[in-house]
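Structure record follows, encoded as structure tokens.
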Number of protein chains: 2
Amino acid sequence: MSVSELNAPAQDYLKLIWSATEWSDRAITVGAMAERLGVTASTVSDGLRKLTQQGLVSHAPYGSIELTETGRRYALVMVRRHRLLETFLVNVLGYGWDEVHAEAEVLEHAVSDLLIDRIEEHLGYPDRDPHGDLIPTREGHQPRISAWQLSECEAGSELSIVRISDASPDMLRYFSGLGLSPGTHLRLEAQHPYADVTSVCVLPSEQAIDLGSAAARAIWVVGHTTEPTPPAK
Amino acid sequence: MSVSELNAPAQDYLKLIWSATEWSDRAITVGAMAERLGVTASTVSDGLRKLTQQGLVSHAPYGSIELTETGRRYALVMVRRHRLLETFLVNVLGYGWDEVHAEAEVLEHAVSDLLIDRIEEHLGYPDRDPHGDLIPTREGHQPRISAWQLSECEAGSELSIVRISDASPDMLRYFSGLGLSPGTHLRLEAQHPYADVTSVCVLPSEQAIDLGSAAARAIWVVGHTTEPTPPAK
DNA sequence: GAACAATGTTTGGTGCGTCTAACATCGTCT
DNA sequence: AGACGATGTTAGACGCACCAAACATTGTTC
């Protein structure tokens, strides 16, 4: 059996469950899945029951939603398809990076493994898609993501937030209120180690924000315009 | 409304009805459609009723199957998708011309009009796909070409293959192994109707080949040096 | 700890494409 | 012209994904 034999909704469920754990340690909920997929919670609940029966998801009623080893492998195939398709549409066919998502979302259910491998070869085995996300390998291995905590970076660099660790729900709400989320671009103005303050400037709005050390440790970034910013140490 | 809003079976029906009239003047039958699509006749009959209600097909019960003007336009969009995808897979991604059909058959239901236009642009607006079939334009215009099945031609003529119908991958591989593809020149040595064998000679290599009747029907030719060979009868 | 709000599951029902089997029509052969 | 085989249509049923609404559970708040 392979992921290609699953119907499109099942493929979407697997990909979504995996995606939720790429930047967060908290498993996704039924409600969140339903909202993301534009269906009702009952539909998702039903779908998860079937995936559990197929051994791809482990989910007891009212319990948490986890992928099994096979489910994770299948999910990574879907993520790989999506990201290679996006890269292909941008690099080869001249799409804007903001127009590729919907097209890739449809195509990922239609392409064969052979086609994806050929696309990868044609692109020269890229590491990342146009959004900066890492592309899983054919073997189902997801390369380690290299990102750094904002607290460890040097002043002056332009950065993209790739992850906000969610140790505290309060902190997440705090970031949300400041407009800081994965994908936000910012410039690191200054580190004030003794005051435990990190000063950043959100781009392109140029809004200045001072963050405490706990906050600066929760935000993970990569370099925005150039190569990933090397860690300070 | 556009052809993209139809479900995949409806798109297949339209394309198939159109394809039947590309190389023959006889309209297709319900039974033939069912066999080609791998479904039962009742399914096709039902589908045709719905397409008739939508004004894409004109078909009275037990009557002949014809496309309306809108139906023909939609069908040509699907043919265009299929042929541009095949060309793209061969020219850009290195597929063999005998392996592209199944992949294109799936993708044609998933691609957007924008993607097809970008592919066409990237290919440099080709006239023909790898099988020698003409690619309809974006405006839905399909140039008419006159060619004959090898099985219908007279011995002694020198011919060029312009098209190899892509029904069976096995047959395509067989032709590929013999060096027969669109553009190949050959001389028709003899027709042996009772043995169902057509003897040809590939030019300029002078390699002799005996083809069965199914093979001779799949190969479409025009006269090589002179005018198109008139059909035998 | 009881009540309540938020979240998740189950139930019953719809639309769609498909099938099998029964039925209708067409065309041909005697 | 009538009968019969081939072809096409209709009826009834099934699986599937989905939804709304009823129901169950969880977690939090007073």
Side-chain angles (χ1 to χ4, degrees), chain A residues 1 3-17 20 24 26-54 56-67 74 78 105-106 108-110 166 168-170 172-173 176, chain B residues 1 3-17 20 24 26-67 74 78 105-106 108-110:
Chain A
M1 178 171 143
V3 68
S4 299
E5 293 157 37
L6 298 173
N7 50 35
Q11 293 177 340
D12 282 335
Y13 293 159
L14 294 176
K15 186 176 65 138
L16 184 50
I17 296 167
S24 144
R26 273 223 311 279
I28 199 170
T29 65
V30 171
M33 289 183 65
E35 200 209 330
R36 266 293 273 287
L37 297 169
V39 298
T40 62
S42 62
T43 301
V44 171
S45 185
D46 213 48
L48 289 176
R49 194 175 42 72
K50 286 175 195 162
L51 285 173
T52 299
Q53 283 182 333
Q54 294 175 79
L56 301 174
V57 166
S58 116
H59 170 61
Y62 302 100
S64 74
I65 300 166
E66 312 276 356
L67 293 173
Y74 287 6
M78 296 310 299
E105 203 70 26
V106 178
E108 68 191 14
H109 301 300
D166 54 355
S168 144
D170 284 342
L172 282 184
R173 272 192 293 277
S176 181
Chain B
M1 177 172 143
V3 68
S4 298
E5 293 156 39
L6 298 173
N7 50 34
Q11 293 177 340
D12 282 335
Y13 293 160
L14 294 176
K15 187 176 65 135
L16 185 50
I17 296 167
S24 141
R26 274 223 311 279
I28 199 169
T29 65
V30 172
M33 289 184 65
E35 199 209 329
R36 263 297 269 287
L37 297 170
V39 298
T40 62
S42 64
T43 302
V44 172
S45 184
D46 214 47
L48 289 176
R49 194 175 40 73
K50 286 175 194 162
L51 285 173
T52 300
Q53 282 180 334
Q54 293 174 80
L56 301 174
V57 165
S58 116
H59 170 61
Y62 302 100
S64 74
I65 301 167
E66 312 276 355
L67 292 174
Y74 287 5
M78 296 310 299
E105 202 70 28
V106 177
E108 68 191 14
H109 300 301

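Per chain, numbering begins at 1; letters A, B, ... match sequence-line order.
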Review point. Taking only residues two or more places apart in sequence or in another chain, which ones pass side-chain hydrogen bond (donor to acceptor under 3.5 Å, both in side chains) with B/Q11?
Key: B/H109
Check your understanding: Which residues within residues 8-15 of chain B lie with some heavy atom under 4.0 Å of an atom in DNA chain C?
Key -> B/P9, B/Y13
Mind listing the N/O atom pairs, protein and nucleotides 23-29 of chain C, below 3.5 Å?
unit_1, atom_1, unit_2, atom_2, d
C/dA24, N3, B/Y62, OH, 3.3

Revision key, fill the gap. Nearest heavy-atom contact between A/E108 and A/M78 is O-CE, 3.5 Å
Review point. Which residues satisfy the side-chain hydrogen bond (donor to acceptor under 3.5 Å, both in side chains) test with B/S4, sequence neighbours excluded?
Key: B/R81
Point to revise | salt bridge (charged side-chain N to carboxylate O under 4.0 Å, His left out) involving A/E66 - partner list, sequence neighbours excluded | key: none
**Study point:** Stems where DNA chain C pairs, listed by first number, each of three or more Watson-Crick or G-U pairs under 3.5 Å
**Key:** C:1-30 with D:1-30
Point to revise | Sequence neighbours excluded, every pair satisfying salt bridge (Lys or Arg N to Asp or Glu O under 4.0 Å) that has a member inside residues 49-61 of chain B | key: B/D46-B/R49, B/D46-B/K50
Exercise for review: For B/T43, check side chain to side chain contact (heavy atoms under 4.5 Å, CB included) against everything at least two apart and list the hits.
Suggested key: B/Y13, B/V39, B/T40
Review point. Can you tell me how far the CG atom of A/L51 sits from the OG atom of A/S58, to the nearest 0.5 Å?
Key: 11.5 Å
Check your understanding: Atom NZ of B/K50 to atom P of D/dT10: distance rounded to whole Å?
Key -> 12 Å
Review point. Under 4.0 Å between a side-chain N/O of A/H59 and OP1 or OP2 of C/dT9, yes or no?
Key: yes
Exercise for review: Send over the distance from B/M33 CE to D/dT9 P, rounded to a whole Å.
Suggested key: 11 Å
Point to revise | Distance in angstrom units between B/L48 CG and D/dT9 C1', rounded | key: 11 Å
Revision key, fill the gap. Taken to the nearest 0.5 Å, the spacing of B/L14 CG from B/L56 CG works out to 5.5 Å
Donor-acceptor contacts, no H, no angles, side chain residues 27-38 of chain A, under 3.5 Å, sequence neighbours left out:
unit_1, atom_1, unit_2, atom_2, d
A/T29, OG1, A/A32, N, 3.1

Study note, to complete from the structure: Rounded to whole Å, the CD1-C1' distance (B/I28 to D/dT7) equals 14 Å
Might you list the N or O atoms of the protein lying below 3.5 Å from N or O atoms in nucleotides 19-21 of chain C, with each pair's distance?
unit_1, atom_1, unit_2, atom_2, d
C/dC19, OP2, B/T40, N, 2.9
C/dC19, OP2, B/T40, OG1, 3.1
C/dC19, OP2, B/T43, OG1, 2.6
C/dT20, O4, B/S42, OG, 2.9

Check your understanding: When the distance from CZ of A/R26 to P of C/dT7 is rounded to whole Å, what number comes out?
Key -> 12 Å
Exercise for review: Grab the CG-C1' distance between B/L51 and D/dG8 for me, whole Å please.
Suggested key: 16 Å
Study note, to complete from the structure: Quick note, salt bridge (Lys or Arg N to Asp or Glu O under 4.0 Å) partners involving residues 56-65 of chain A, not counting sequence neighbours, are none
**Study point:** A/T52: side chain to side chain contact (heavy atoms under 4.5 Å, CB included) partners, not counting sequence neighbours
**Key:** A/V57, A/H59
